[in-house]
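This report concerns only the one structure given below.
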Amino acid sequence: MVGLLDGKKALVMGVANDRSIAWAIAKALADQGAELIFTYQGERLERRVRELAEQIPGSLLFPCDVSRDEDLDALKLVLDQQVGALHVLVHSIAFAKTEELSGLYVDTSREGFAIAQEISVYSLTAVLQRLRGLLAKEGGSVITMTYMGSERVMPNYNVMGVAKAALESSVRYLAEDLGPDGIRVNAISAGPIRTLSAKGIKDFNSILKIIEEKAPLRRNTDPAEVGDTAVFLASSMSRGITGEIIHVDNGYHIMG
Ligand code: NDP
């Protein structure tokens, strides 16, 4: 079978377990012929991510905590040595302290604000500083993950909503900076999906219920739908698209 991504190499950052959106994306990219490289945050997660990576034969696996410059530099070094060119980068990483994801946004601490911005926003820029050369070799597609809490006030999303707004703005600035090198930068704004990160958001179940009732397609987002959109963004089918935020939320974002 001819795949849309035959011969492409994709780096996927942000697999924590088999519920991670990054894992759904990885499977969809691999189904279309992409070769995969995974990163995991630290030793704590290595075994779990290794077991998943082994399900996709030929995958490579490297550690990378995006808050550590030495990890990012080491990632660049090992990819420069082992990968001729990189075609796809999936950034599916975010973090906020649990205590910042309930109550009032106005109570956000200085430290909580900084951590959310550093891990959820700056990390994309920090990674691209190192990997833009590899992505520019044959042209590349960068995909990050965002949520509608950037555009509208969603209860309890608080500091992460502000971080996602900054991430979406970063997507536009990065698209302009890297466009001349043939690198496209886009985000998928996914509807809520039950993952490890979502556990931190208070009243997540009631959000899922409302979406099932109100989204135009009357259902919640299946991670495989996000994976298929990532395939589109990774492939030359989307070659005219950069700096874009694509909603994959069964239409919920259009509702008043
Ligand atoms: P996961 O918890 O499965 O994925 C989040 C990933 O971020 C984990 O792999 C986590 O690793 C990683 N991460 C956090 N801090 C660091 C760090 N310092 N260095 C490297 N990796 C780090 O949840 P999701 O799949 O839900 O989240 C993926 C992305 O999708 C996030 O950007 C999220 O905001 C976004 N998103 C999620 C939605 C949802 O409803 N689930 C909806 C829309 C967007 P670790 O576990 O080790 O911390």
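Atoms within a ligand are numbered from 1 in the order they appear, just like the ligands themselves. Along the sequence shown, residues are numbered consecutively beginning with 1.
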Which bit of Cys64 gets closer than 4.0 Å to ligand 1, counting heavy atoms only: side chain, backbone, both or neither? backbone
Going by distance only, is there an N or O of Asn17 that falls short of 3.5 Å from an N or O of ligand 1? no
Atoms of ligand 1 less than 4.0 Å from Ala190 heavy atoms? 42 (C), 43 (C)
What I'd like to find out is whether the side chain of Ile37 reaches to under 4.5 Å of the side chain of Ser59, using heavy atoms alone. no
Under 3.5 Å, side chain of Thr221 to main-chain N/O of Pro192, donor-acceptor pair present? no
Suppose I only count heavy atoms of Asp65 and a 4.0 Å limit; which atoms of ligand 1 are within that range? 17 (C), 18 (N), 19 (N)
Tyr147 and Tyr157 aromatic ring geometry - parallel, tilted or perpendicular at 30°/60° bounds: perpendicular
So, applying side-chain contact (heavy atoms from CB on, under 4.5 Å) with Leu135, which one of Val185, Asp181, Leu128 is it? Leu128
Can you figure out which of Lys164, Met160, Met145 has its heavy atom closest to atom 34 (O) of ligand 1? Lys164
Smallest separation among heavy atoms of Val83 and Lys9, with atom names: CG1-CD, 3.5 Å
Take atom CZ of Arg110 as the centre, draw a 6.0 Å sphere, and report whether it contains more than 12 heavy atoms from other residues, nucleotides or ligands. no
Less than 3.5 Å between some nitrogen or oxygen of Pro192 and one of ligand 1, yes or no? no
For atom 41 (N) of ligand 1, what is the nearest protein heavy atom, given as residue, atom name and distance? Ile193 O, 2.9 Å
Electrostatic pair Lys76-Asp80, nearest N-O below 4.0 angstrom: yes
Record the part of Val15 in heavy-atom contact with ligand 1 below 4.0 Å; permitted values are side chain, backbone, both and neither. backbone
Sidechain N-carboxylate O distance under 4.0 Å for Arg172, Glu176: no
Using distance alone, determine whether Ile119 and ligand 1 share an N or O pair under 3.5 Å. no
Yes or no on side-chain hydrogen bond (donor to acceptor under 3.5 Å, both in side chains) for Arg194 and Asn220, after CA distance, side-chain angles and deciding distance? CA-CA 10 Å; Arg194 208 187 296 274; Asn220 272 293; over 6 Å; no
Between Lys164 and Glu168, is the salt bridge (Lys or Arg N to Asp or Glu O under 4.0 Å) condition met? List the steps. CA-CA 6 Å; Lys164 290 303 190 192; Glu168 291 174 19; over 6 Å; no
For atom 29 (C) of ligand 1, what's the nearest protein heavy-atom neighbour? Residue, atom name and distance, please. Ser92 OG, 3.4 Å
Short N/O distance, under 3.5 Å, between Thr195 and ligand 1? yes
Does a salt bridge link Glu225 with Arg219, judged by any charged N lying under 4.0 Å from a carboxylate O? yes
Could you tell me the residue and atom name of the protein heavy atom closest to atom 19 (N) of ligand 1, and the distance to it rounded to 0.1 Å? Val66 N, 3.0 Å
Going by heavy atoms, is Gly42 under 4.0 Å from ligand 1? no
Pick from Val159, Asn158, Ile115: which one makes a side-chain contact (heavy atoms from CB on, under 4.5 Å) with Glu100? Val159
Using non-hydrogen atoms of the residue, decide whether Arg44 is closer than 4.0 angstrom to ligand 1. yes
Under 4.0 angstrom from ligand 1, any heavy atom of Ser189? no
At less than 4.0 angstrom from any non-hydrogen atom of Leu45, what atoms of ligand 1 do you find? 11 (O), 45 (P), 46 (O), 47 (O)
Quick check: does Ile21 get an N/O under 3.5 Å from an N/O on ligand 1? yes
Side chain, backbone, both or neither: Thr146 near ligand 1, heavy atoms under 4.0 Å: backbone
Can you figure out which of Ser150, Pro63, Ser197 has its heavy atom closest to atom 1 (P) of ligand 1? Ser197
Considering both backbone and side-chain atoms of Gln41, is one of its nitrogen or oxygen atoms within less than 3.5 Å of a nitrogen or oxygen in ligand 1? yes
As an exercise, identify every atom of ligand 1 less than 4.0 angstrom from a heavy atom of Ser20. 1 (P), 3 (O), 25 (O)
Is it true that Arg47 and Glu51 have a side-chain N and a carboxylate O under 4.0 angstrom from each other? yes
Nearest non-hydrogen protein atom to atom 7 (O) of ligand 1, with distance, is Ile93 CA, 3.5 Å
Within the 4.0 Å heavy-atom shell around Gly14, which atoms of ligand 1 are there? 4 (O), 6 (C), 8 (C), 9 (O)
Pairs of nitrogen or oxygen atoms closer than 3.5 Å, one from Tyr157 and one from ligand 1: do any exist? no
Atom 31 (C) of ligand 1 has as its nearest protein heavy atom Ala94 CB, 3.6 Å
Answer yes when Asp69 and Arg130 have at least one side-chain N-carboxylate O distance shorter than 4.0 Å, and no when they do not. yes
I need the minimum non-hydrogen distance between Asn17 and Trp23, along with the two atoms involved. O-CB, 3.8 Å
